[in-house]
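What follows is a set of notes on a single structure, which appears directly below.
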Number of protein chains: 2
Amino acid sequence: MTTTPTADWLRLDQQICFSLNAASRAFGGVYRVVLKDLGLTYPQYLVMLVLWEHGDLPVKKLGEHLRLDSGTLSPLLKRLEAAGLVRRERSARDERSVEVRLTEEGTALRERALQVPRRIATATGFDVDEIRELRARLDQLTEALDAAAVEETPGQGA
Amino acid sequence: MTTTPTADWLRLDQQICFSLNAASRAFGGVYRVVLKDLGLTYPQYLVMLVLWEHGDLPVKKLGEHLRLDSGTLSPLLKRLEAAGLVRRERSARDERSVEVRLTEEGTALRERALQVPRRIATATGFDVDEIRELRARLDQLTEALDAAAVEETPGQGA
DNA sequence: CACAATTCAATTGCACACAACTAAATGGCG
DNA sequence: CGCCATTTAGTTGTGTGCAATTGAATTGTG
């Protein structure tokens, strides 16, 4: 029991949260550089990726793919619309819903985006298998953290 | 060479950046819950960790530890000061520099923070060794990304 | 059909990140 | 000493991220 004094936990904690934070921001930094040509921010690029892969989607579905709510997506989508990459149209069937549709320009941008992943992959210095393993580990982490957050939120014990 | 069609790169890329993003935000979510008691946000907690470990520091040094610039730190430190956890004092030796000093209250908060890391570690579902390995991998990633960002920034080839 | 609960997007308020800029202070150099 | 490049914080502007609220539309129930 003397192997891990309580005070040392603070340092361990510091290091794991630092590492994740740093990696996340370092990733953002590389994307920022690479995406500059496309006129996209990193979150905007994520939105475009989802649209390119899944086609037109309501804001809600988009948010589920990206784990983002309307508070983040609404202004972001307005910027994409202002940039001429998407249109937002109220659904005829359900007027609460807003369909996000790629414009011609938005669809065309995909061609130029095809070069992005290779540049990012190169920047990581990881090969495909290493990336795959890291991704698995991170997904596992996310799942555990989400489950824990739900349990912590109400009242800890109940 | 036909193993990885270009279009598939978009999906691979999507998954690694999604995973890191998701893990980072899930982490933030758990910290948000756990730190609520202490009245700290996640970035504020990181600042306090550095101060607890290294003692009083100028803003510059703080930023080096956290990879943050004054644009982020200045308002954050003002909030910590407003909360009574730190004082900001112009250095006598170098008046450009601002020393960030823990108050009694800020020092005392450390005792209550000691329980945080264990709650976080528990939430991850990882043991110490797994955390250590993940951290090593993330640090390796960060280092590679930072190096790549520097090379990408100027003009790609120069 | 009326009405309450739910769903969905948008808005508001707050707190990071980061680029670009400003302004004060320092240090080196002739 | 006077001048200039550098260092250091702070400020401004843009863009997320998220909690909380609002308001319109839909659904379930009687």
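Residue numbers start from 1 in every chain, and the chains themselves are labelled A, B, ... in the order their sequence lines are given, proteins ahead of strands.
- A donor-acceptor contact shorter than 3.5 Å is absent between the side chain of B:S19 and the backbone of A:D139.
- The salt bridge (charged side-chain N to carboxylate O under 4.0 Å, His left out) test applied to A:R79 returns no partner, not counting sequence neighbours.
- Heavy atoms from other residues, nucleotides or ligands lying under 6.0 Å from CZ of A:R118 number 12 at most.
- Of the possible polar contacts, none joining the A:S24 side chain to the A:L20 backbone as a donor-acceptor pair under 3.5 Å is found.
- Distance B:K60 NZ to D:dT6 C1': 11 Å, rounded to the nearest Å.
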Under 3.5 Å, which N/O atoms of the protein pair with N/O atoms of nucleotides 20-26 of chain D?
{"from": "D:dT26", "atom 1": "OP1", "to": "A:E95", "atom 2": "N", "distance (Å)": "3.3"}

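- Against DNA chain C, the stretch residues 72-90 of chain B makes heavy-atom approaches under 4.0 Å through B:T72, B:L76, B:R79.
- Within the 4.5 Å cutoff, no side-chain heavy atoms of A:F18 are placed close to those of B:T142.
- Heavy-atom distances to DNA chain C give each of A:V59 and A:R32 a nearest nucleotide, and the one nearer the 5′ end belongs to A:V59.
- In this structure, A:N21 places its CG atom 13 Å from C1' of D:dG17, rounding to the nearest Å.
- When atom types are taken as modelled, the side chain of A:R67 and the backbone of B:N21 share no donor-acceptor pair closer than 3.5 angstrom.
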Please walk me through it: do A:K60 and A:D94 pass salt bridge (charged side-chain N to carboxylate O under 4.0 Å, His left out)?
CA-CA 12 Å; A:K60 181 71 188 307; A:D94 185 344; over 6 Å; no
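- For DNA chain C, the contact window with chain B, defined by any atom under 4.0 Å from a protein heavy atom, covers C:dA15 to C:dT26 in 5' to 3' order.
- Aromatic ring orientation, A:Y45 versus A:W52: perpendicular (interplanar angle above 60°, classes split at 30° and 60°).
- Using a 4.0 Å cut-off between charged nitrogen and carboxylate oxygen, A:R88 and A:E99 do not count as a salt-bridge pair.
- To the nearest angstrom, C1' of D:dT14 lies 11 Å from CD of A:Q44.
- Note: CG (A:L66) to P (D:dT16) measures 12 Å, nearest angstrom.
- Within a 6.0 Å sphere centred on CD of B:E143, heavy atoms belonging to other residues, nucleotides or ligands number 12 at most.
- For A:D69, there are no side chain to side chain donor-acceptor pair (under 3.5 Å) partners two or more places apart in sequence or in a different chain.
- Atom CG of A:L40 is separated from atom P of D:dT14 by 18 Å (rounded to the nearest Å).
- Under the 4.0 Å criterion applied to side-chain N and carboxylate O atoms, A:R101 and A:E89 are assigned as salt-bridge partners.
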Dot-bracket assigned to DNA chain D with the 3.5 Å Watson-Crick/G-U criterion, [ ] for crossing and | for other-strand pairs, is ||||||||||||||||||||||||||||||
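- No salt bridge links A:D56 with A:R87; every basic N to acidic carboxylate O contact stays at or beyond 4.0 Å.
- If you find the closest nucleotide of DNA chain C to A:E64 and to A:G29, the one lying nearer the 5' end belongs to A:E64.
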